[in-house]
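Taking it in order: structure first as structure tokens, then the write-up.
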Protein chains: 2
Amino acid sequence: MNDVDNILDFFIDNVKKLFFPEEWIKIDLKFSKYELFTMLFIDRKSEVTMTELVGYINCPMSTATGIVDRLVRNGYVSRSRSETDRRIVVIKLTDAGCKFINDLRDTISKYLKIILEDLTGEEKQFLIGIAFKIMNKLQTDINIMENTDEDKTVIKKIDIE
Amino acid sequence: MNDVDNILDFFIDNVKKLFFPEEWIKIDLKFSKYELFTMLFIDRKSEVTMTELVGYINCPMSTATGIVDRLVRNGYVSRSRSETDRRIVVIKLTDAGCKFINDLRDTISKYLKIILEDLTGEEKQFLIGIAFKIMNKLQTDINIMENTDEDKTVIKKIDIE
DNA sequence: ATAAATATTTCGCAATGCGTAATATTCGCA
DNA sequence: TGCGAATATTACGCATTGCGAAATATTTAT
């Protein structure tokens, strides 16, 4: 109970670092979160259809079109029609897109190394063990929660004028 | 080296959960990141000036005005002039604002409990120890890096038309 | 051959973030 | 005390992003 509160406070105090990385990492991100995760997804899959993209970033198709429009316009993503089915658009990372993702990975990796350099090999293994344990937990119990029609915390903007 | 890559992949695979919480948490967030961190900041400090807010979320003052405008309009934040110095605007959370933050903390806490319930006491202590170790690390080594005029990863949108 | 289904784009709009200019108040100095 | 400089914040105009509805092109089913 008290441990959870401590961890919650720590989480809230530090999660800001993820949302505002420019404040502590030497990195200048000019992409929206949708654009960023789009490129990460393409990097992982190599070739992605718009429908797959929508399934991954979970936004309307028209939004996905806008996202890809911008990435194509700025040279990070290329777009072509599938020859198998001409309704399907295939999107890939350009050289510039690959470079951006590689640079991003290098930058994050650099900071991870600094963070981890004082840990012993045993501590690292332990940490990875905990990480995978948590990841498995996320895969299973959260899905169970989603399948029960539980009380839903709904926060909506209330226009008072 | 190989450990860092494993952790990097794990990080990239899972960081999406933070940026798209609605996909796995029963929570409907209608606030921009600036609005959210504004409320978290006010919650921690109770009373905040606009200048303090700008210092925390690190955005232009005009942007801060817009953010507070919206939060005030929607009833989560109140705004008043300091009697000591009438240039100064004091912003506080309303009852609705406090309720939102408390509900948010409860929700995150609920998920943290699920995530942590399978961890042994030793693992929890280790995780907390690592967390504080990392936090100290971030305070010191990152600051050292910032003070050296190192190679800066600058990613900018390139308009190709 | 045609209607239905599928994949994606276009269009119009609201909301958000930001640079510049403006406004109100306080401070410093002659 | 008065006035210019400094401070704190808002107003204004604009570019960008996300999204719902409609439109377009292609494929599938009958």
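Naming convention: chains lettered A, B, ... in sequence-line order (proteins, then strands); numbering from 1 in each chain.
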Check your understanding: Thinking salt bridges, do B:Lys30 and B:Glu35 make one under a 4.0 Å N-O criterion?
Key -> no

Check your understanding: Taking NZ, NE, NH1 and NH2 as the nitrogens, is one of them in B:Asp103 or B:Lys99 under 4.0 Å from a carboxylate oxygen of the other?
Key -> yes

Check your understanding: With respect to the phosphate group of D:dG18, does any side-chain polar atom (N or O) of A:Thr63 fall under 4.0 Å of OP1 or OP2?
Key -> no

**Study point:** B/S/- contact track for nucleotides 24-29 of chain D, protein heavy atom under 4.0 Å
**Key:** --BS--

Review point. Are the aromatic ring centres of A:Phe31 and A:Phe37 under 6.0 angstrom apart?
Key: no

Review point. Which nucleotide sits closest to the side chain of B:Thr65: C:dT8, D:dT9, C:dC18?
Key: D:dT9

Review point. Between A:Phe20 and B:Tyr34, is the ring centre distance below 6.0 Å?
Key: yes

Review point. Which nucleotide, C:dC18, C:dT16, D:dC19, lies nearest any side-chain atom of A:Tyr34?
Key: D:dC19

Check your understanding: Which nucleotide, C:dC18, D:dT17, C:dT9, lies nearest any side-chain atom of A:Ser32?
Key -> D:dT17

Revision key, fill the gap. Here the distance between atom P of C:dT8 and atom CD1 of A:Ile57, to the nearest Å, is 13 Å

Review point. Among C:dC18, C:dT8, D:dT9, which is the nearest nucleotide to the side chain of B:Ser62?
Key: C:dC18

Exercise for review: Flag the pair A:Asp106 and A:Lys110 as a salt bridge only when some basic side-chain nitrogen lies within less than 4.0 angstrom of an acidic carboxylate oxygen.
Suggested key: no

Review point. Nearest 0.5 Å, what's the CE-CZ distance between B:Met50 and B:Arg87?
Key: 15.0 Å

